[in-house]
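Input: a single structure, listed below in C-alpha cells.
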Amino acid sequence: MPAEARPRPADPLLTLVVPVLNEEQAVPLFLDAVVAVLEGAGLRFELLFVDDGSTDGTVALLARLAAADRRIRVVALSRNFGKEAAMSAGLDRARGDAVVLIDVDLQDPPELIPTLVARWREGYEVVYGSRADRSSDTALKRMTAGWFYGAFNRVANTRIPPDAGDFRLVDRAVVEALRRLPERGRFMKGLFAWVGFRTVGVPFERAERAAGESKWNYWRLWNFALDGITSFSTVPLRVWTYLGAVIALLSFLYAMFIVVRVLVLGIDLPGYPSMMAVLLFLGGVQLLSLGVIGEYLGRLFVEVKGRPLYLVAREIGPPDTEH
Ligand code: UDP
Ligand code: MG
C-alpha cells in the first residue's frame, strides 16, 4: 500500500464514463451487466454516456434510459470526434470522487470495477486494467501493438505500460490534472502516464465484443500510433541531425579517399551507378525527414488554431447540483 494516501470518502460517488458510437445493441447488455455489478458491490454511481456522433438510434435509446433512471446521464457530441475526445468530454463532466473509463461493448469486464475501487481505496490514484493476455486480438494486431509500445517507450520520455488500455479508474485529483492539459492531440494513454500519480495495474482478460463491431481499422490505428509518438517525443524530428552528421562525415572520408587515390593511381572512370544510388538514397532520406517535419507542423497547426476538443449538441440527465 502506498504511503500517505489521501483519505477516501466513506461513501464515494463513482462516475462511469462510457464513450459510445453506434452502439444500439451493446448499450442494453452493458447496462444490465454494469448495474448488477455496481449494485451488488453497494457502490454509489452515475453512468455518463458520451455519444460520439452516433448515426443510429443510440441517442434516442440513451435518452429513454436516462428518463427512467436518474443515475444515467448522456452527453451527445455534435458529431464524431473520436474516442479520445469523447473520453475528455466525459472527464470534463464527471462528478464522481473517482472515474472509471470503460468501453460499452463489455470487452472491459464490469466485474473488475469493485477490484479497481478497492485498490483506489488502498491509496492508488490510477488503477488500470492490465491485459493478462491479448488472445482476443489477431496475431497481426498483437504484433503491431508490440512494435508500437516498443517504439513509443524507446523514443518518449513518458513510459506507458504495454498491457494497459483505456479501461481504468482515476481519482478526482487525476481528473483535474487531465483537465489542465490543453492539447488537442489527446493520446489518453500517454496523458495518463504523463500526469503521474500512484499507479497500479490489475490483470484481466479482455473478452470478445458483446455486440456490434469494432470501430477501428489499421489506418485508424496507424494514425493513432503517429499521434501517440509525435505528442510525446521529438526524437523523430531530431534524429535527422545525427543521421545527417554521420552521412556528412562518411562522405568527407570518402572524398578524402578519392583525392588520395587520384594522387596515387591517377584519374579513375566515373561511376554513374554508385552516383545514382547515393543520389536516390539521399533524396529518399530528405523526403522522409521532410515528411516527419510535416507531421509535426500539421499537429502544430491544429494546436495553434485552438479549436475546442469537442462540441456538445445535447445533454440529458439530472441537472448539475454541485456547482
Ligand atoms: N468509440 C467512440 N468513438 C469512436 C470509436 C469508438 O466513442 O470514434 C467507442 C465505442 O463505442 C466503444 C469504445 O469506444 O465503446 C471502443 O471502441 P471499439 O470497441 O470499436 O474499439 P476496440 O475495442 O475494437 O479497440
Ligand atoms: Mg471493443
Side-chain angles (χ1 to χ4, degrees), residues 15-34 47-62 65 72-94 99-110 112-113 128-146 148-149 160 162-168 184-189 192 204-225 227-228 309-314:
T15 302
L16 266 62
V17 168
V18 197
V20 287
L21 170 64
N22 297 335
E23 300 281 9
E24 229 175 349
Q25 298 142 328
V27 166
L29 301 173
F30 172 80
L31 197 62
D32 286 346
V34 94
L47 287 172
L48 179 52
F49 288 96
V50 184
D51 179 77
D52 189 17
S54 294
T55 49
D56 65 354
T58 303
V59 180
L61 170 67
L62 289 172
L65 294 170
I72 298 177
R73 288 164 65 201
V74 185
V75 183
L77 304 186
S78 63
R79 63 169 169 83
N80 178 248
F81 282 89
K83 185 185 176 190
E84 312 274 312
M87 287 192 291
S88 299
L91 287 172
D92 287 345
R93 284 165 181 74
V99 176
V100 173
L101 295 160
I102 186 168
D103 286 357
V104 77
D105 55 11
L106 293 177
Q107 287 197 290
D108 304 333
L112 201 70
I113 295 175
Y128 68 87
S130 141
R131 300 173 61 172
D133 74 319
R134 282 178 163 260
S135 56
S136 68
D137 284 346
T138 61
L140 183 61
K141 182 145 181 208
R142 276 205 293 276
M143 193 170 69
T144 47
F148 169 70
Y149 288 109
I160 51 176
D163 46 2
D166 291 321
F167 181 36
R168 63 185 69 217
R184 260 125 278 278
R186 290 193 91 73
F187 181 65
M188 289 300 257
K189 274 181 246 203
F192 282 127
F204 78 103
E205 257 171 53
R206 194 164 160 87
E208 300 284 340
R209 207 172 215 289
E213 44 192 56
S214 172
K215 311 293 179 296
W216 297 91
N217 55 39
Y218 275 98
W219 181 240
R220 245 178 131 154
L221 281 174
W222 163 249
N223 283 307
F224 187 60
D227 269 339
L309 259 177
Y310 56 84
L311 290 175
V312 172
R314 230 176 123 192

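For ligands, and for the atoms within them, numbers begin at 1 and follow the listed sequence. Hydrogens, waters and symmetry mates play no part in the numbers below; they use all other heavy atoms, side chains included. Since the structure is predicted, the reported quantities are computational estimates derived from the model, not experimental observations.
A distance-only check finds no donor-acceptor pair linking the side chain of S78 to the backbone of V312 [under 3.5 Å]. A distance-only check finds no donor-acceptor pair linking the side chain of D52 to the backbone of L21 [under 3.5 Å].
With a 4.0 Å heavy-atom cut-off, ligand 1 is reached by no atom of N22. Heavy atoms of D52 found under 4.0 angstrom from ligand 1 belong exclusively to the side chain.
For atom 6 (C) of ligand 1, the closest heavy atom belonging to the protein is K215 CG, 3.7 Å. Ranking protein heavy atoms by distance to atom 22 (P) of ligand 1, first place goes to W216 CD1, 3.4 Å. What sits closest to atom 16 (C) of ligand 1 on the protein, heavy atoms only, is D103 OD2, 3.3 Å. Regarding atom 15 (O) of ligand 1, its nearest protein heavy-atom neighbour is P19 O, 2.8 Å.
In this structure, the side chains of P109 and E205 stay at 4.5 Å or more apart for every pair of heavy atoms.
In summary, the atoms of ligand 1 found under 4.0 Å from a heavy atom of D105, numbered by their order in the structure, are 19 (O), 23 (O). Proximity to V104 (heavy-atom distance under 4.0 Å) selects the following atoms of ligand 1: 15 (O).
D166 and K83 are joined by a salt bridge, as a carboxylate oxygen and a charged side-chain nitrogen come within less than 4.0 angstrom of each other.
The shortest heavy-atom distance from E84 to ligand 1 is not under 4.0 Å.
Ligand 1 has a nitrogen or oxygen under 3.5 angstrom from a nitrogen or oxygen of L21. Considering backbone and side-chain atoms together, A86 places no N or O closer than 3.5 Å to any N or O of ligand 1.
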Self-check item: Verdict with reasoning, F148 to F224, per ring-ring contact (aromatic ring centres under 6.0 Å, His included)
Solution: CA-CA 10 Å; F148 169 70; F224 187 60; 7.2 Å; no
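Remark: R168 qualifies as a cation-pi partner of F192 under the 6.0 Å distance and 45° angle criteria applied to the six-membered ring. At least one test fails for R220 against the ring of Y218: distance under 6.0 Å to the centre or angle within 45° of the axis.
Of the options R220, E23, K83, the smallest heavy-atom separation from atom 14 (O) of ligand 1 is shown by K83.
A donor atom on one side chain and an acceptor atom on the other are not found under 3.5 Å apart for Y149 and D163.
Among the backbone and side-chain atoms of D105, an N/O/S atom is found under 2.8 Å from the Mg ion (ligand 2).
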